[in-house]
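Keep in mind it's a predicted model, so treat the numbers as computed, not measured. Letters go in sequence order (proteins before strands), and every chain restarts at 1. What's counted below: heavy atoms across the whole structure, side chains too, no hydrogens, waters or symmetry copies.
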There are 2 protein chains.
Amino acid sequence: MKDDPGASANRCIARGGEIYAAGTEGPAWRVVAGTVRLDEAGPEGRQFAGLALPGDVIGAETLLFGRYSFTALALSACEIEPWLAGHEQPSGETLLGMLATAERRMAQILSLRSGTAGERIRRLLAFMSARVADGRRAVRLALPRLRDIADITDLSVETVSRTITHLGAEGSLEVYGRYRTRQVSAASLRRPKP
Amino acid sequence: MKDDPGASANRCIARGGEIYAAGTEGPAWRVVAGTVRLDEAGPEGRQFAGLALPGDVIGAETLLFGRYSFTALALSACEIEPWLAGHEQPSGETLLGMLATAERRMAQILSLRSGTAGERIRRLLAFMSARVADGRRAVRLALPRLRDIADITDLSVETVSRTITHLGAEGSLEVYGRYRTRQVSAASLRRPKP
DNA sequence: CGGGGTCTTGATCTCAATCAACCAATGTGG
DNA sequence: CCACATTGGTTGATTGAGATCAAGACCCCG
């Protein structure tokens, strides 16, 4: 139980990669590491529809409809494992727990769309760094693409870029690296802004 | 089955009234008519956390935790009935369906926080009028309090007031009455804005 | 008849969107 | 190995939608 038995059917997806597409078939997955963005196919392209953290189950609707309702994208490098590989049914207690999680999650995601640009971005990053893969605590968090941050917080990419630079400059966020390899320190996310 | 058998333990709540408070005990409910706003107790007062329409179940988390996680308020006059009055357990299929609904709902609520003020308000009202009590189709929709519309769409009350007046003036929304008794025609909500 | 909650309207200001270039990194194929 | 395209990120100038502040009108309730 302690060690991973060969990581049988686990999948790894790079930052920005697609995990599955809406309308296709496949199993439900449990997120082991990373953050997942769920999108709904709207009349005007994809539209942000939810986030999943390590521990969350994504694509549970396939058990009901046989197809994925959303498109899943990796915000950061992700590892996922099949959920309910056999033909076992989830217990009512499990499902109730997932429902309660989904409802609490809704409140958190909603809060990523109110307040100033700085507050939204800080909240999103703090949210992503809240739950890391069990055991090892990530000291630094790889930033998602600005495009993704913008979609989630309902800001423009330009504003996201400027705001992160600004937060870093005023010391409210410790930023390392530039461009695609940028990271922020988890510690600076936990303390409230000055 | 066709007629309501005395409406045993059903409750009715007026617009703006509280259905239950977070932290208290009680059963889960099924919304029969009206729209419900769910709030989470945040560090800075209540914070909008979700919406429930006729057919939705609210407070299902009591089956797991024994207490309500959210505070429920009636946006419009509401009727609710106890869900699972006896000690019966919901089936896995039912719970999976509720989970899928919650996830789809999340996408819709998120869309109430993007776009212009006019688009957000139109979307919210269309959303509320989408599902009415089975059978009779409401021709007109009673408006929620502006304060509630503002919280849900992340706008200010002043902007909501101005925008509704404006939408009415340009014919994009048919508005009847003023002040607390204001209503909009459901038909004008369904057709896209000119 | 007050009084508090709700709604309206006006004047002003600000934060973020938009438009427009421009870099930096990564691929791709000849 | 080098042109070239593509995607992702940055920066600047300008503009506008909505926030904010302020005041008053309306309505319901005790």
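Atom CZ of A/R145 and atom P of D/dT7 are 11 Å apart (whole Å). Taking atom CG of residue A/D151 and atom C1' of nucleotide C/dA16, one finds them 16 Å apart after rounding to whole Å. Regarding A/L146, its CG atom lies at a distance of 9 Å from the C1' atom of D/dT10, rounded to whole Å. As rounded to whole Å, 14 Å separates atom C1' of C/dT8 from atom CG of B/L143. Across the protein-nucleic acid pair, A/R182 atom CZ and D/dG9 atom C1' stand 8 Å apart, rounded to whole Å. Atom CD1 of B/I164 and atom C1' of C/dT6 are 13 Å apart (whole Å). B/I149 places its CD1 atom 11 Å from the C1' atom of C/dC7, with the value rounded to the nearest Å. Atom C1' of nucleotide C/dC15 and atom CD of A/E119 are separated by 12 Å, given to the nearest angstrom.
Atom CD of A/E93 sits in a sparse spot, with 12 or fewer heavy atoms from other residues, nucleotides or ligands closer than 6.0 Å.
Annotation for A/R67 and A/G23: closest pair NH1-O, 2.8 Å, computed over non-hydrogen atoms. Across B/T163 and B/T159, no two heavy atoms sit closer than the pair OG1-O, 2.6 Å.
A donor-acceptor pair shorter than 3.5 Å can be found between the side chains of B/E174 and B/Y176.
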Open item on the list: For a side-chain contact (heavy atoms from CB on, under 4.5 Å) check, start with the C-alpha distance between A/L143 and A/I164, then their side-chain angles and the critical distance, and finish with the verdict.
Closed with: CA-CA 10 Å; A/L143 279 191; A/I164 291 176; 3.9 Å; yes
- [ ] Quick one, give me the B/S/- string for nucleotides 13-26 of chain D, reading 5' to 3', where B means a protein heavy atom under 4.0 Å from the base and S means that only happens at the primed atoms, P, OP1 or OP2.
- [x] B----SSBB----S
All N/O donor-acceptor pairs, side-chain side in residues 45-66 of chain A, below 3.5 Å, sequence neighbours left out:
{"from": "A/D56", "atom 1": "OD2", "to": "A/L53", "atom 2": "N", "distance (Å)": "2.9"}
{"from": "A/D56", "atom 1": "OD2", "to": "A/R105", "atom 2": "NH1", "distance (Å)": "2.3"}
{"from": "A/E61", "atom 1": "OE2", "to": "A/S69", "atom 2": "N", "distance (Å)": "2.9"}
{"from": "A/T62", "atom 1": "OG1", "to": "A/G59", "atom 2": "O", "distance (Å)": "2.8"}

